[in-house]
Amino acid sequence: MGKGTYSRAIAKALGVPHISTGDILRREVAAGTKLGKAVKGYMERGLLVPDSIINLVVEKRLSQPDCARGFVLDGYPRTLSQARFLESRFPVDVAVLLEAPDDVIVERVSGRLVCPRCGATYHVKWKPPKVPGICDVCGAKLVRRRDDDPEVVRERLRLYRETIRPVVDYYRGLGKLLEFDASIDSREGIPLLLEKLKAFRAARPYAQAVHV
Ligand code: AMP
């Protein structure tokens, strides 16, 4: 949904860690850990992992020393209970809502290809590999993540819109919500979002951390 691209770029510009709960969980699944086994079924079906599991994962990661000076979260919180938990343990300065029409999102996400061997990512339309279906870096056969199938994406979106509303209302109520139209090209969008974030933080000098 572009959130990976945006949040990675923002974290880099701010010099803080980029923490994607989806990436953490995918690594656990690939490594076949106890946590990975517990979350695999949810992820393959495009369902949210239970709050009790994901909150522990995030708490552990944000307690590490590299997060002391701030962090950018990607894909968390996704439910009101996650937002309340985060706010009670690691209150954020700003929550960014990236918005785009469903069709734009489905096109972007379902065109993604990933290399199962080295992790390089591609897009059939926007960032195609030199040889169709083959990784430029290591030559392995590219795959589509199971949860990037168009049908799974639509189910994720439906769930997302249903559960995100109370999260958005929560951050709006706290005066921490920044809404951003992410349907423009990210090369234009990233500098624009950075500007908006800086203005947002300047208006709130107590700022310490950022959440996307
Ligand atoms: P993402 O890469 O952020 O789209 O996440 C991929 C999958 O990981 C999601 O479809 C969920 O199954 C799971 N996941 C990631 N973040 C969360 C979260 N905050 N709450 C629940 N499940 C999550």
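Both ligands and their constituent atoms are indexed starting at 1 by order of listing. Small disclaimer: the values here were computed from a predicted structure and weren't measured. The first residue of the sequence shown is numbered 1, and numbering continues consecutively from there.
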Say whether Ile54, considering both its backbone and side-chain N or O atoms, lies within less than 3.5 Å of an N or O atom on ligand 1. no
Please tell me whether Asp148 and Ser110 have a donor and an acceptor in their side chains that are separated by less than 3.5 angstrom. no
Pairs of nitrogen or oxygen atoms closer than 3.5 Å, one from Tyr76 and one from ligand 1: do any exist? no
Which of the numbered atoms in ligand 1 are below 4.0 angstrom from a heavy atom of Met43? 7 (C), 8 (O), 12 (O)
Taking N or O atoms only and a 3.5 Å limit, does Pro77 qualify as a polar contact for ligand 1? no
Report the C-alpha distance between Asp51 and Arg78 in whole Å, list the side-chain angles of each, state the deciding distance to 0.1 Å, and finish with yes or no for salt bridge (charged side-chain N to carboxylate O under 4.0 Å, His left out). CA-CA 9 Å; Asp51 292 335; Arg78 271 176 157 100; over 6 Å; no
Closer than 4.0 Å to some heavy atom of Arg26 - which atoms of ligand 1 meet that? 2 (O), 6 (C)
Any idea which atoms of ligand 1 are less than 4.0 Å away from a heavy-atom of Arg156? 4 (O), 10 (O)
So does Glu28 pair up with Lys40, basic N to acidic O under 4.0 Å? no
Mode of Leu48 contact toward ligand 1 - side chain, backbone, both, neither (heavy atoms, under 4.0 Å): both
Does any N or O of ligand 1 fall below 3.5 Å from an N or O anywhere on Thr21, backbone included? yes
Any donor and acceptor pair, going by atom type alone, linking the side chain of Arg45 with main-chain N or O of Gly41 inside 3.5 Å? yes
Sub-4.0 Å atoms of ligand 1 with respect to non-hydrogen atoms of Gly22: 2 (O), 5 (O), 15 (C)
Over all heavy atoms of both residues, which pair between Tyr6 and Ser186 is shortest? Give the atoms and the distance, please. OH-CA, 3.7 Å
Does OH belonging to Tyr42 count more than 12 external heavy atoms closer than 6.0 Å? no
Can you confirm whether the side chains of Tyr76 and Asn55 place a donor and an acceptor under 3.5 Å from each other? yes
With a 4.0 Å cut-off on heavy atoms, is Lys3 touching ligand 1? yes
Suppose I only count heavy atoms of Gln82 and a 4.0 Å limit; which atoms of ligand 1 are within that range? 18 (C), 19 (N), 20 (N), 21 (C)
Which bit of Thr79 gets closer than 4.0 Å to ligand 1, counting heavy atoms only: side chain, backbone, both or neither? neither
Between Leu47, Asp74, Val49, flag the one that comes closest to atom 12 (O) of ligand 1 by a heavy atom. Leu47
Val106 vs Arg154, side chain to side chain contact (heavy atoms under 4.5 Å, CB included): CA-CA, chis, key distance, verdict: CA-CA 7 Å; Val106 172; Arg154 288 205 187 269; 3.8 Å; yes
Measuring only between side-chain heavy atoms, which start at C-beta, is Thr79 closer than 4.5 Å to Gln82? yes
